[in-house]
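One structure, pasted below without further comment.
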2 protein chains.
Amino acid sequence: MQPASETSDNVLTERQRDVLDAALGLLVEAGDALTMTSVARRASCSKETLYKWFGDRDGLLTATVQWQASKVRGVPVKRDGLDIVSLTGGLERFASDWLRVLSGKISVALNRVAVSHAGSDKRDLGAIVLENGPFAMARRLMPLLEVGREAGLLTFDDTEEAFRTFFGLVVRDVQIRLLLGDRFELTDVTIDGEARRATQQFFALYGAHNHVAERGRSTQR
Amino acid sequence: MQPASETSDNVLTERQRDVLDAALGLLVEAGDALTMTSVARRASCSKETLYKWFGDRDGLLTATVQWQASKVRGVPVKRDGLDIVSLTGGLERFASDWLRVLSGKISVALNRVAVSHAGSDKRDLGAIVLENGPFAMARRLMPLLEVGREAGLLTFDDTEEAFRTFFGLVVRDVQIRLLLGDRFELTDVTIDGEARRATQQFFALYGAHNHVAERGRSTQR
DNA sequence: CAGTTACCGTACCGTACGTTACGGTTCGGT
DNA sequence: ACCGAACCGTAACGTACGGTACGGTAACTG
């Protein structure tokens, strides 16, 4: 009765991973119109097996989202950068990677299905995407920000506040426009430019020895 | 064959508006699980009438979204503020209104259904929401920004760039978290604080006679 | 080799829901 | 008073899809 994918560990056979990859592809192509039959056909497996492994359709969707999430656990940002140059580079690389993932077909498809299922009674895909999206980003970036503060390069009281501002400067309206189906030209060079701009603006707001940062700081909280 | 709602004008009888209000309420409560039967029952009308007026389910959804959009055409921002105080106030009020709408149940429900239907072959709800959401905001705010620039209070080359940065500073991760089902406490006082912070940070980046603005400007585009 | 397990392929069942059809009622126009 | 249009309520139809059952096959185990 308990499907194997219920366990928090990723105990998936290679075959199961193949099936989930097929489901992922179908999710990207067909969105929420994905059916159990189509997954079975694409993965060359029987529906009975799908139900045995994943319980029901929701379980399959959940396992698919978790499977993708487990694949994108990015490399942690290095904290060795104590000078302004490496901190800037770290932030820029971070923003660049982030925008690249965010604008990918898989990310858009996953966020779409999670949004449409949010608020449902059953397993909450929104929480999973939230956990492996924005929250994971925060967990990875906030230590870097604090290292920058300890090194005297950044000035802020609330690390989460600073992160969320960085989020806003990087993402802006890109994600919501992609989710709403706006055709969006995001070349690699554009993304790098966006990352550079966001990082510069972030330093303008939170850089140490900056009268603007002092002003902003006095009104925080 | 052509439903009445196909015309770009809002030629809706009072009865039709009542029906769409019922559909709107159902959309907020049940999300995409809204059924034709439930709308007919809630609005005390027959399904035959729904099909005659709106063509099919997609037509009903489209008309509902457009109906809500036609209701929120906000008051245009006054452009008479040429001094820094009224410009700041205008931006703050704008940001505050925006966050309030964005975090409302209706907005979340509409964005949810639009996101889940985006990329569909038929009528594109995503385009409608995009047009009446972010794009409408841009059309309303960009003139104000340009008035501020002409008055020597703001400095930027690309108005749309400036607007998108303001967007990022105001919205940050609020909308995506709401869409993904994150429980979010947004009291009125919190929203006002956010609006004030975003406006201050925007002035820090784009305010005239600000060395930061000059720096940022030199790297734009 | 017999038995068990795991799986594929397919056929099948039940139901929910979009869509249509129809009888009955109200109401404005003549 | 009569007619027709518009509309309500409900029943009925068709289908798509989630979920289940079952026969067949290959591999593994004793």
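Proteins come first, then strands; the chains are lettered A, B, ... in the order of their sequence lines, and each starts at number 1.
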| query | In whole angstroms, how far is the C1' atom of D/dG19 from the NZ atom of A/K52? | reply |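 So the NZ-C1' distance, A/K52 to D/dG19, works out to 15 Å.
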
| Interatomic distance, B/R57 CZ vs D/dA16 C1' [rounded to whole Å] | 14 Å

| request: Please evaluate the base of D/dT10 for a donor-acceptor partner in the side chain of B/K47 within a cut-off of under 3.5 Å? | output: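 No, the side chain and the base share no sub-3.5 Å donor-acceptor pair.
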
| query | What residues in residues 34-43 of chain A put a non-hydrogen atom under 4.0 Å from any atom of DNA chain C? | reply | none

| field | Rounded distance in Å - CG (A/L60) to P (D/dG18) | value |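 In whole Å, D/dG18 P lies 10 Å from A/L60 CG.
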
| Reckon B/R15 has a side-chain N or O less than 4.0 Å from the OP1 or OP2 of D/dC8? | yes

| message | Taking B/R139 first and then B/E131, would you say they form a salt bridge - that is, a charged N and a carboxylate O separated by under 4.0 Å? | response |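 Looking at B/E131 together with B/R139, the answer is yes, because their closest N to O distance falls below 4.0 Å.
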
| Where the side chain of B/S46 is defined as all heavy atoms beyond and including C-beta, which of C/dT20, D/dG9, C/dG9 is the nearest nucleotide? | D/dG9

| note | From CG of B/L50 across to P of D/dT10 the rounded distance in Å is 15 Å

| query | Does the B/S107 side chain pair with the main chain of B/S103, one donor and one acceptor, at a distance under 3.5 Å? | reply | no

| request: Check the distance between D/dG18's P and A/F54's CZ and give it to me in whole angstrom. | output: 15 Å

| task | Would you mind reading off the distance between A/D18 atom CG and C/dC7 atom P, rounded to a whole angstrom? | result | 13 Å

| Any salt bridge between A/R17 and A/E14, counting N to O under 4.0 Å? |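 Salt bridge flag = no for A/E14 with A/R17.
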
| request: Tell me, yes or no, whether the heavy-atom count around A/E29 atom CD, taken from other residues, nucleotides or ligands under 6.0 Å, exceeds 12. | output: yes

| request: Would you kindly give the CG-to-C1' distance between A/D56 and D/dG19, to the nearest whole Å? | output: 10 Å

| note | Contacts of A/R100 meeting salt bridge (charged side-chain N to carboxylate O under 4.0 Å, His left out) (sequence neighbours excluded), chain-then-number -> A/D188, A/D192

| task | Classify the side chain of A/E48 and the base of C/dC8 as holding, or not holding, a donor-acceptor pair under 3.5 Å. | result | yes

| message | Quick check against the 3.5 Å criterion: does A/R42 have a side-chain atom that pairs as donor or acceptor with the backbone of A/D21? | response | no

| field | N or O in side chain of B/T49 less than 4.0 angstrom from D/dC7 OP1/OP2 | value | no

| message | Does D/dA6 have its OP1 or OP2 closer than 4.0 Å to a side-chain nitrogen or oxygen of B/W53? | response | no

| remark: Rounded to whole Å, the CD-P distance (A/Q16 to C/dA6) equals 12 Å

| Basic-acidic side-chain contact under 4.0 Å: B/R57, B/D32 |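 Counted as a salt bridge, because a side-chain N and a carboxylate O are separated by less than 4.0 Å.
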
